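Report on the structure given below.
As a basis for the values below, the full set of heavy atoms in this structure was taken, side chains included, without hydrogen atoms, waters or symmetry mates. Atoms within each ligand, like the ligands themselves, are counted from 1 in listed order. This one's a predicted model, so the numbers in the text were calculated from it and none came from an experiment.
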Amino acid sequence: MPDDPRIAAIVDHLRARGLGGPFACAIVTGTGLGALVERLTDACSVPYREIPGFPAPRVSGHGGTLHAGGLGGRRVLVFEGRAHAYETGDAAAMRVPLSIAEALGAHALLLTNAAGSLRPEAGPGSLVALTDHINLSGFNPLVGEAGDGRFVPMVGAYDADLRSLLHVAARACGVVLHEGVYAWFSGPSFETPAEIGMAGRLGADLVGMSTVPETILARFLGLPVAAVSVVTNLAAGIGGGDPHHSETKAVAARAATDLARLAEAFVTLLPEPRA
Ligand code: HPA
């Protein structure tokens with residue numbers, strides 16, 4: 001949407017409020033993962049409700065504020081809270097925010113989420129870098145898009161170079177970082193053990209209700225993507241896993257500090273963006 005006048009108007013508005021780019025990275029924080037925001041220096045913040053076209057996140061644990069500030073010596077844009085497809089049925093709910101990130105001059109996108117793990121060795125509190133995804137939702141955020149740009153290539157959607165930097169960052173800050181494939185279920189109900197059994201046979205290591213539509217949108221917009229899941233629970237039926245939202249929020253809040261340290265170390269490794 002680079003030529004979309006609505007996007008241009010929002011970009012002008014945000015620049016006037018001190019949220020101009022360029023940014024080494026835009027970061028989307030998942031459920032209970034807003035701890036990163038406390039690490040920002042000289043932050044300018046605007047609630048989503050004051051930005052035309054921005055979603056109003058409705059899930060408890062999601063802040064709904066856009067921040068621009070310093071992190072690890074770089075300038076970053078942080079989306080504290082996201083809209084999910086399960087809130088309204090709109091898989092493109094994050095299209096305006098991500099278009100804004102691109103139009104404001106973000107050079108990369110770091111997506112974070114809370115997820116269930118199918119791997120007992122990567123249990124609650126673990127951090128996992130996504131290598132790929134499986135879209136089991138039946139939704140796609142580019143449905144209705146005109147033009148050949150909608151046929152977005154998805155090989156290498158999770159950028160290998162950015163993932164290498166995530167691993168370097170993890171070593172630098174003493175955080176264990178696993179790798180895995182993320183399966184997107186639409187939610188909002190959690191999965192059944194039979195569904196998790198299916199996802200495991202299909203090659204999934206993690207399950208969650210977000211991130212995949214944002215990765216598709218980001219690739220459509222030309223933004224390279226890195227993504228990290230915080231494991232909040234074992235997936236339904238795995239080692240007795242029986243996920244509940246209160247559990248996912250509580251574990252996410254505890255693991256958020258590790259994620260924030262990882263994100264800061266990662267951002268430090270990114271090149272200084274040119275305007
Ligand atoms: N399933 C789907 N989404 C999730 C889970 C889960 O087990 N945990 C955190 N988000």
- Query: Any N/O of T248 closer than 3.5 Å to an N/O of ligand 1?
  - Reply: no

min-distance protein heavy atom vs atom 9 (C) of ligand 1 -> T232 OG1, 3.3 Å

Which ligand 1 atoms are under 4.0 Å away from a heavy-atom of [X]?
X	result
A114	9 (C), 10 (N)
E191	1 (N), 2 (C), 6 (C), 7 (O)
F190	1 (N), 2 (C), 4 (C), 5 (C), 6 (C), 7 (O)
P243	7 (O)

_Can you see whether T65 engages Y48 through a side-chain donor-acceptor pair at a distance of less than 3.5 angstrom?_
no

Cationic N near anionic O, under 4.0 Å, R75 to E272: no

- Task: May I ask you to decide whether E87 forms a salt bridge with R82, counting only side-chain N to carboxylate O separations under 4.0 Å?
- Result: no

Q. Does some side-chain heavy atom of L66 sit less than 4.5 Å from a side-chain heavy atom of I51?
A. yes

Considering only heavy atoms from C-beta outward, does the side chain of L202 approach that of L136 to under 4.5 Å? yes

The option among P124, G30, G208, G187 carrying the non-hydrogen atom nearest to atom 3 (N) of ligand 1 is G208

Quick look: A115 vs ligand 1, heavy-atom contacts under 4.0 Å, and the answer is backbone

